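Data block below; observations after.
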Amino acid sequence: MPSGLINANPTVYERQERRTRNAPADVDELAVEPIDQLEIFDILFYIKDPEHPYSLEELKVITADAIEVDDKRSHLRVTFTPTVEHCSMATVIGLCLRVKLMRCLPPRYKVDIRVEPGTHATEAAVNKQLNDKERVAAALENPNLVDMVNECLAPSFE
Amino acid sequence: MDDSTKWVKHIELYVNSSTTPSQQAASVDAIAALVKNDMLTLETLVREMEIYLTTTDSIIRSRGIILLAELLSQLTLKPFSDSSLHSLIGFFTERLADWKALRGAIVGCLALLRRKIDVGIVTDIEVKAVAQSYLRNIPVQSLGQHERKLSYELMECLLDCHAGAVRDLGDELFDVICEAIDGEKDPQCLLLVFHIVESLAHLYPGPSGPLANFAEDLFEILGCYFPIHFTHPKGEDDDVKREELSRALMIAFASTPFFEPFSIPLLLEKLSSSLPSAKVESFRYISYCTAKYGPDRMAKHAQALWASVKDATYISPESTLLMDSESIGGMNFQYSDIMTQAYILLQEVIRQDGGFISLIIEDNDINIFVNFLDQYKDFDDIPVQVKQRLHAVGHILTVCAKPSVALCNKVFERFFPLLMDALGLSVAKPSESSYLDEDCFSSVKYNFGALYLCIELLAACRYLTVSLDDCTLIPDVSHQTWCTMLSSFSKSLVKAFIFLIRSNNADKTHSAYVYFGVKGLQILATFPGSFLPVSKSIYDKILVELVSIVTYDMNRTLSWTLALKALVEISLFIDKSPDSEKAASFESIVVEKIVDLTSSDYSAMPSSLKLQAAFDIGATRKVFMLRVAEGLDEAISTNLSAVNDHGNLESHELLVKLLDTYSNKIFPWFLEIGGSEEIPLSFALSIWDKIENSRSFSISPPKIGSDLLGATINAMKKAVSTCSKESQEIIINKAFGVLLSSKLFAIQEFESDSSILKAEGLKNSSCRDEWLTSLFASVVTSLRPQTSIPHGKMILQLFITNLLNGHIPSAHALGSMVNKLPLKDPGSNFSKNFSLDEALDMIFCSFIGTSCSDSTPGNEGSEIDFSSLRLHTIEIQSVKLNTINGLAWIGKGLLMRGHEKVKDITMTLLSFLTLNSNAGVSREVQDVKEVCDEDDMHQLMKCLGDAFHIIMSDSKSCLNRTYHATIRPLYKQRFFSTITPILLSLAVKSELSVRYMLYRALAHVVSNTPLTAILGEAKKLVPVLLDCLNMLSKDVLNKEIVYDILLVMSGILMNKNGQEAAADNAPGTVNQLIELTTYSHVMAIRETAIQCLVAMSELPYARIYPLRTQVLQAISKALDDPKRVVRQEAVRCRQAWSSTSSRSLQF
C-alpha cells in the first residue's frame, strides 16, 4: 500500500434529508413490502470509507439514485462513484458493498456492482474484478482484506 | 492516672507521621470528646502538649500545632475562658510566622475567629494582631493549593466576621490582597478570591476609602478572568462548576461602582468577541452591573450599550423561525442565548434610565425600517431576514413601552401615528354608527409589518395597564397620551381587524393576517375594566364578531379555532379580573349563543364542532359550564325523544356525541375542579327520569340501539363514579324505584325460591327492559364501596338471572358487588344492607352445587350444579358459557380484594376444565358429556381457559380505580404464585386436548403477571412456555395469545436471571423461536421471535455454538420476509450470530 493517502482531501457533502416512509395506520398482515431502492440505500449508506472517517453517503460515493432494484426478478445493480479517478480504493469499496449486500439480502438476489462509467481510470478491470465470483471469494480468504472490510462495515451495528 | 496516659497516647498517635489518616482522625475525636465532657481541661492538654508545640523538629511541631487546631475546630461550641482564648490566639498569631507549620496556625486562627459570641470570642485587638501577622508573614502565592485555600478562607473570615477590626488596616490590606490573589488559577481558590473582593467592596463603600484608589489595580487582576473558561474541562476540580465561578465573578464585578470605568469598557469590548459564550456572558454581566452601578454611572455608556444591543438583536439577529409557526401567525422565533441576554440588558437599562429611550426612538435605522414597512404587502413575500428584523423591532418597542406610563407615552407618540397611517386608518368620526360600512374598509391597507408592530404595541400597553391594575394605587391613565391616542383609534382598529379576518378566502398567504386580526381583537377585549379606551359597545362588537366566526365560519378551520381560542382567553380574563358589566355581556352574547347552538337543530354546523365550542367556552368558568350542561341536557332530551318516537337517525348520531362529550369531557372537568357533583347527579337522575317516563321505549334498528346504549352506559358509569356516597345513594334508590315499577320485578317471586332456572329469560324481553337492566348494572358497577345498596338480595338475583341469559353488564355488576360489599353486616338491624358472605352464599348456591356455609376452604368437592344444564342442548351451550363468564368476573372481583373464596371459583373452573380426563367423574358430569357434542365441548373448554384472561387482565369497563374497585396490592403476583403450580401439575397429568386448554389458561395468567414475578420462576416456566408456544401456534385464532407469551419470553431472555433459565433449554428455545420466524399471520410475532434470537446469541458460547448453523439457515430465510421490519431484524440477528463464531461469510 502506498504510504500517503490517495485522496488526501475529499469533498464532504452534507447528508441529504432522508425520504421518510409513512407507516400505514393499520398493518395489513398479508401485504408484501418489496425490497426497494430506499431499503438498499438504508443498508449501504453508512459504510465507512476505507480512508476517511466519513460514510460513503457523505462522500457521495453512492447515492439513492445509483441503485436499481427489481425485486420480482431478484436483480440489483449498484453503481458507485470513486472520489478520484485513479482511486485504488475503488475495489475495496466495491468489495465492502458486495459483502454488506451478501449479508443483508436474501440469497435469491443477483447483485451487480460497477463503477460509474467515466469516473475511474481502470473502470473495466475494476468491474470485472468485482463481479467475478472466484476473485471475490479469493479476496475474502485474505485476512488483511477481510479485516479492512469488516472495519468499514462496523459502524452499521453501533 | 489511667485516663491521662490514654489521651497522651492519642496525642502520640496523631503526631506520629506513620499512622493512617483514619487513626489520626479517631485520636482527634477521642481527645475532643474528653474535653467536651470536662474530663480534661484545655490547660492540662496544652501543658501536656508543650513539647510537641515548641520542639525544633519542624515535622513534629507542625503535627502538634495541627492537632491543637483540629481540636479547636471541633470545640466551637465549648465555652472557653477569656484568658485561655487570649493565650491560644496569641500563640496561633505568632505561629503564622512559622512557615513550616503554617497549616495548623491558619486552621487554629480560623477556628478561633469563627467562634460565636456566647462561647467567648476573640477581641478586636487580637483580631487586628492576627490580621497584621497575616499581612506580614503569609506569602500566599508561594503556598500549595490547600494552604492557599486555607489562607483565603482566613482572609474571607477576617473581612466578613471582623470587619470592624480590620477596617483601619487600609492600604496595607489592599497591597497584600492584590499580591495574594494575583495569578490564582485553582477554581476553588478563585471562588474565595472573588468573594474576598466582594467583601472588600462592602468594607469600604465610600469614595474616600482606599478602595477608590485601588480599584484599578484590583480590577486589573479580576478582569483577566473574564470570560470564565476552563482550558482543562475534565480536571479533578469537577465540583466547581463554570456557572458557579462565573456568577461569583459577576458579583465581584458588580460589587462596587468604582469598577465601572474599567469593567464596562472591558465588557463592551468582549461583546465583539467571536466566541458566542463570551458575548452571552458579557451581556449578562452588563445587565447585572447596570442594576448595581446605578443610572448615573451608566449614562455615559448609553450610546455604546444601545449600539451593542441593536447589533445583537436588529442588525444581525440570531433567531430561527419555529417550524410550527404557520398556524400561529408565522412570527414565532426562537432566540439564541445572545439575543435573550441582549433583551434582558435592554430591559434593565430602560428600567434604570428612562432617558435611554430617546436613543431608541431617535434611532435612524429603526425609523427608516418603520417608515418603509409598506413595501411588503404579502406575508409570503417578506424575506426571513426582514421578518427577523420586524420581530426584533417589535420586541424592542415592547420592552421600551412596558415599564412605565411615561415610556409608553413616548413610544406611542413616536410610532403609533406612523403605524395607523401605514394601515390606512383614521380617527373614527363619532357620527359613524355603522360598523360594517363597506367604504370605511376600502382604506384599510394590507401592511403586515405595520399590523404586526401595532399588535405588539397593543400587547405592551395592555401588559402595562394590567400591571398597573395589580397595584393598589391605581393611577389615572385615561389622560395619558397613549391612552387618548388609543381610544381615538380603537373603533377604527376594531374595524380594520374585522376587515382583515373577513376579507380573505382562507388561503394560506392570509393566515398571518387572520391570526393577528384575531389577536388584536382579543387584546382589545382583554383590557382591564378600569381602562377606558375600549368602551362597552366596542367590547360587544368584538364578541359578536368572534361568535359569528365560531357560528358561521366553520369551513375556515384556522379562523374558527383562533376565534374560539380568543373567546376562551377573553372569558378566562373576565374570570381573573372580575368586571360585572363585561361578564354580563359576555354571558348574554357568547354563552347564550353557544348554548343555543347545541340545543337547536341549526344544521350548518357539524355537531362535533358545536360540542367542542360549547365545552371550551364552558370550561373557562363554572357558571358557564353549568349553563352549557343545562343546554346539553335539553339537547339530550329532545334528541332522545326524536330517536325514540320517530326513529330519527341523525338525532341518534348527535345523541351519541352528546353522551360522549359528557363522559369524556364534562365529567372529568368537574372531577378536576373538584367539589361540584350536581351535574353528574342531575345527569344520572334525568336519564332515569327519561326512562321512567317513556313507557314504550324502543329504538328500531338494533345496531343503533346498541350504539346508543353503549354510550349511555358509559356516561352513566362516569356520572355515578364521580358522585359522592350520598349522591350515589340517591341515584341507586331512584334507579331501584324505576326498576321496581317496571314489570321486570316479577323477579320478586324468586326471593323465596332460589332456583333461578325457572326465570324467564331476557331473550324475549323488550328493549326497554334491556335498557333498564343495563343501566342499573352500570350504576351498580361504578358505586363506591361505602355506598349501601338497597334490597341487595333482589338485585343480586336479578343480575344472576340476567347473567345466565347472557347479559354481560350484569356480570360486571356482580363482579363489582362482590368486590365492594362489606365483609360483615355493619348494622345488623339494617336488614337492607347485606354482606359479602350472604351474597357469596347466594352466588355459590346458584352457580355451584355447594353452599358457601358448608364448603370448607380447600374443599375440592365443589362442583358445578349441572342440573342447570339439563335443558335442551342449544340452550346448554349459551347458559354454560354465560355461567363461566359470570364466574370469571366474580372471581376477578374476589381476587382483587384478596378474598379467599376466589380459590373455590378457580377450583370449580379447573375441575370443569379437567373433567374429561378425570376417571372418577360424577354421574352428572357423565350426563353432560352425553348431551354435548364434540364442538360444543371444545367451545366450552376454550371459554373456561379464557376465563383466566378475564380474571387476570385489567378491564376498562369495570373493576378499576375509576370505578372505585377495592384493589389489594400485588394481587396478580399472588394469584400467579398459587395457580401456576396447580396448572402445571394438572397439565402433566392430563391428556392432550385438556392440556391444550390448561396451557391457554396458563398463558393468560403468565402474560398478565408482572415480569419480575415471572423471572423468579423462570427455570420452571421456560420449558412450559415453549410447550405452550408449540401447541398454541398451530391455531391461527390463538395469535394474540402466542404474541403475549412471546413477549414474556423476550422479557425473560433480556434479563440476566432469565438467560440462565433459557440457557438450560437452549436447543428447545431456539427450535421454537425458529419456527415462529415463519409465522405468517402476524408480523409482530416474527419480529419478536427474531429479536429473541438476537438475545439468545448472548448466552454462553458453549451452549449456543452447536445451534449456530440452524439459526443462520433460518435467518437467511427471514431475510426474504415480506415485511421490511422483519428483514431489518433478520440482518441484525444474522450479524449477531455470525460474529459469535467466525467471520466466515458462508451464511
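Keep in mind that what you see is a predicted model, and the values were worked out from it rather than measured. Numbers restart at 1 for each chain; the letters A, B, ... are given by sequence-line order, proteins then strands.
Counting non-hydrogen atoms of other residues, nucleotides and ligands closer than 6.0 Å to NZ of B:K665 gives a total above 12. Other residues, nucleotides and ligands contribute over 12 non-hydrogen atoms within 6.0 Å of the CD atom of A:E68.
Judged by distance alone, the side chain of A:E33 and the main-chain N or O of B:R1124 form a donor-acceptor pair under 3.5 Å.
Salt bridge annotation for A:E39-B:R1127: present, with a cationic side-chain nitrogen under 4.0 angstrom from a carboxylate oxygen.
Within residues 105-121 of chain A, the residues that have a heavy atom under 4.5 Å from a heavy atom of chain B are A:L105, A:P106, A:P107, A:R108, listed by number.
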Report all side-chain donor-acceptor pairs from residues 1076-1084 of chain B shorter than 3.5 Å, counting only partners two or more places apart or in another chain.
from: B:T1077; atom 1: OG1; to: B:I1074; atom 2: O; distance (Å): 2.5
from: B:T1078; atom 1: OG1; to: B:E1075; atom 2: O; distance (Å): 2.8

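Applying the side-chain hydrogen bond (donor to acceptor under 3.5 Å, both in side chains) test to B:N1071 and every residue at least two apart in sequence or in another chain returns B:Q1110. Checked against side-chain contact (heavy atoms from CB on, under 4.5 Å), B:H1004 has the following partners two or more places apart in sequence or in another chain: B:D946, B:F948, B:H949, B:I1041.
A distance of 8.5 Å separates CG in B:L1119 from CD1 in A:I35, rounded to the nearest 0.5 Å. Going from atom CD of B:Q1135 over to atom CG of A:L153 covers 8.0 Å, rounded to the nearest 0.5 Å.
Residue A:A137: no heavy atom, backbone or side chain, is found under 4.5 Å from chain B.
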